[in-house]
Amino acid sequence: MSNPRVGVGFAAADRFVAEMAAGVTNPNAMKPGYVFAGDDIFLYERCRQAVLKAFVPADFREFCLSELDLAEHSIFEVLDRARTPSLMAPFQVIFVRNVKQLYTRGAKKDEFAEIERYFRSPNPYALVIFVADHLRIPADPRRMEMEDKTKFERLRETLGDHCSIVELARVEEADAMHWVAATAQEQATRMDPGAVRELVDALGADMMLIASELEKLLLFSYGRGRITLGDVETMILSAKQRSLYELTDAISLKDRPRALALLHGLLNSSQAGEEAAIGHLYMLARTFRQMLVILEKNVRDSRAIWQALWQGFRMPPFAADDLIRQARRYKSRRDLTRALRLIARADLELRSSPPDKRIVLERLIFELASEPKPFLPAYASHQLTFEG
């Protein structure tokens, strides 16, 4: 997007995208390290794509792009890789996920000392990006919850001394509507004000969903140069039929055959096919997070759901009752956090360019729609083995 956007999140993303573009010809225009702070996946993907476009040629992707998780790799390994020049690519990009591992129990003095040591003399041919998506930054940062505010301040006091922090804050409805209208106009299409508002309202100001549905609307109205309220109502109805809510319904019922059939239907109906896998995972993770909040806050009807879920994290109105019903099928927080861990594992696997993305998704759906294995202490499992 060439036009500046109103709002903290859009402004931060626009600045970052501009720095990446300038850094291609002038390395001094960018920092050696950045922190993506916030869980807005739309703005995250916008920033990520700017990095890939600038510094990760498709032919050299496996040589110059690294995706490292601090749950599996130490910060010492991460920074050692950043220091080591690649023999196959002139520039390295390292995305560091699960940054919250740096702030678990323990002083972590050695880890932060190593970070300081690296950024005192960083490799000019490497870019390190820390992904702090464990934070939720609202459109108005002054309304940030105290727990997130404490984590954010800790982030500033440590990584903020060495890296530029990109605040990926949630998008306000007004900003979402501005983005929709401007994006349509850039495609030589005029969108009626009522159509803009209906699209944003129906999708709960979820920018990832809005961007996806707007792309379909632009294709739907190709040649007419105009999108009407009727067009939006038609497309949102079909979006409802295409959505993942039927899939999560089958998962919550532990109906594996139906869940797998619905997954195949989603993949077959999607224009991007398996390439839409990341988007499907995003929606699954979002839906399970919504169910977790519903379960924790004991939401029993759709009237209470709007107080439980904050703006930018709400589902379309038609899905409220369905999602409450699905959430109540889970007996404990542990069951839903297990589902989120499985989705996170699949996400990491998909981003590692597996030979078959469909198999990754099928395995995930099979596990999500299966009863979790009961935990048995070591002595009990030995006893069962002995008796068998």
Side-chain angles (χ1 to χ4, degrees), residues 8-9 12-13 16 33-48 51 66-75 78 94-108 111-112 115 128-171 206-208 278 281-297 308-313 333-334 336-351:
V8 174
F16 177 81
Y34 290 85
V35 180
F36 289 169
D39 64 349
D40 190 295
I41 191 69
F42 173 80
L43 296 177
Y44 167 78
E45 285 295 336
R46 172 170 161 71
C47 292
R48 177 184 170 84
V51 175
S66 299
E67 307 266 2
L68 301 180
D69 191 316
L70 288 180
E72 301 173 1
H73 302 271
S74 71
I75 192 64
V78 171
I94 302 173
F95 282 92
V96 186
R97 305 191 69 85
N98 229 335
V99 170
K100 64 182 179 183
Q101 293 292 325
L102 286 173
Y103 303 94
T104 53
R105 289 184 179 180
K108 298 290 195 300
E111 285 83 349
F112 287 116
I115 292 171
V128 181
I129 298 177
F130 295 93
V131 182
D133 54 4
H134 60 293
L135 299 174
R136 188 182 75 84
I137 303 178
D140 183 353
R142 294 171 299 180
R143 298 179 180 176
M144 193 184 306
E145 293 185 3
M146 185 57 65
E147 183 179 357
D148 285 321
K149 188 177 293 186
T150 301
K151 292 176 182 176
F152 189 52
E153 288 304 315
R154 179 72 172 133
L155 200 71
R156 280 186 180 281
E157 293 167 2
T158 50
L159 294 178
D161 287 342
H162 317 290
C163 305
S164 178
I165 295 182
V166 183
E167 296 181 29
L168 303 181
R170 296 282 174 167
V171 176
D206 183 315
M207 286 302 303
M208 199 72 172
I278 294 292
L281 277 191
Y282 161 75
M283 284 303 300
L284 269 176
R286 178 184 173 85
T287 304
F288 274 96
R289 287 176 60 206
Q290 288 169 335
M291 285 196 279
L292 182 59
V293 174
I294 289 169
L295 190 68
E296 287 182 333
K297 297 193 176 182
L309 300 178
W310 50 90
Q311 183 176 319
F313 190 57
R333 184 180 191 276
R334 181 178 177 180
L336 288 168
T337 54
R338 166 187 173 268
L340 288 168
R341 285 195 299 271
L342 290 172
I343 296 169
R345 188 183 70 188
D347 179 74
L348 187 61
E349 192 173 352
L350 284 177
R351 293 182 187 278

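- Of the candidates Lys151, Arg97, Lys100, Asp133 forms a salt bridge (Lys or Arg N to Asp or Glu O under 4.0 Å) with just one, namely Arg97.
- For the atom pair Leu155 CG and His134 NE2, the distance stands at 6.0 Å (nearest 0.5 Å).
- Ion pairing of Arg345 with Glu72 is absent here, as no side-chain N (NZ or NE/NH1/NH2) approaches a carboxylate O to less than 4.0 Å.
- Among residues two or more places apart in sequence or in another chain, the side-chain hydrogen bond (donor to acceptor under 3.5 Å, both in side chains) test is passed with Asp148 by none.
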Show your reasoning for whether side-chain contact (heavy atoms from CB on, under 4.5 Å) applies to Leu70 and Glu111.
CA-CA 11 Å; Leu70 288 180; Glu111 285 83 349; over 6 Å; no

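- Phe95 CZ to Tyr44 OH: the interatomic distance, rounded to the nearest 0.5 Å, is 5.0 Å.
- Between Glu45 and Arg351 there is a salt bridge, since at least one side-chain N of the basic residue sits less than 4.0 Å from a carboxylate O of the acidic one.
- Separating the CG atom in Leu350 from the CD1 atom in Ile343 is a distance of 11.5 Å, to the nearest 0.5 Å.
- Between the CZ atom in Phe288 and the CD1 atom in Ile294 there is a gap of 12.0 Å [rounded to 0.5 Å].
- Using the six-membered ring where Trp is involved, Tyr103 and Phe112 have ring planes that are tilted, between 30° and 60° apart.
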For a side-chain contact (heavy atoms from CB on, under 4.5 Å) check, start with the C-alpha distance between Val51 and Tyr34, then their side-chain angles and the critical distance, and finish with the verdict.
CA-CA 11 Å; Val51 175; Tyr34 290 85; over 6 Å; no

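- From Glu67, atom CD reaches atom CD1 of Ile129 across 9.5 Å, with rounding to the nearest 0.5 Å.
- A side-chain donor-acceptor contact under 3.5 Å links Asp40 to the backbone of Leu43.
- The shortest non-hydrogen separation linking Arg46 to Ala13 is NE-CB, 4.1 Å.
- Residue Met144 comes nearest to Arg136 through the heavy atom pair CG-O, 3.9 Å, listed as atom of the first residue, atom of the second, then distance.
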Full working for side-chain contact (heavy atoms from CB on, under 4.5 Å) between Leu102 and Thr158
CA-CA 10 Å; Leu102 286 173; Thr158 50; over 6 Å; no

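- Here the shortest heavy-atom pairing between Val166 and Ala12 reads CG1-O, 3.9 Å.
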Test log, rule side-chain contact (heavy atoms from CB on, under 4.5 Å), inputs Val99 and Leu159:
CA-CA 10 Å; Val99 170; Leu159 294 178; 4.1 Å; yes

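- Within the 4.5 Å cutoff, the side chain of Asp39 has heavy atoms near those of the Arg289 side chain.
- The nearest pair of heavy atoms linking Leu295 to Arg333 is CD2-N, 3.9 Å.
- In terms of heavy-atom proximity, Asn98 sits nearest to Ala71 at ND2-CB, 3.4 Å.
- The local environment of CD in Glu296 is crowded, with over 12 non-hydrogen atoms from other residues, nucleotides or ligands closer than 6.0 Å.
- Rounding to the nearest 0.5 Å places CG of Asp347 at 10.0 Å from CG of Asp69.
- Closest approach of Ala37 and Ile165 over heavy atoms only: CB-CG2, 4.0 Å.
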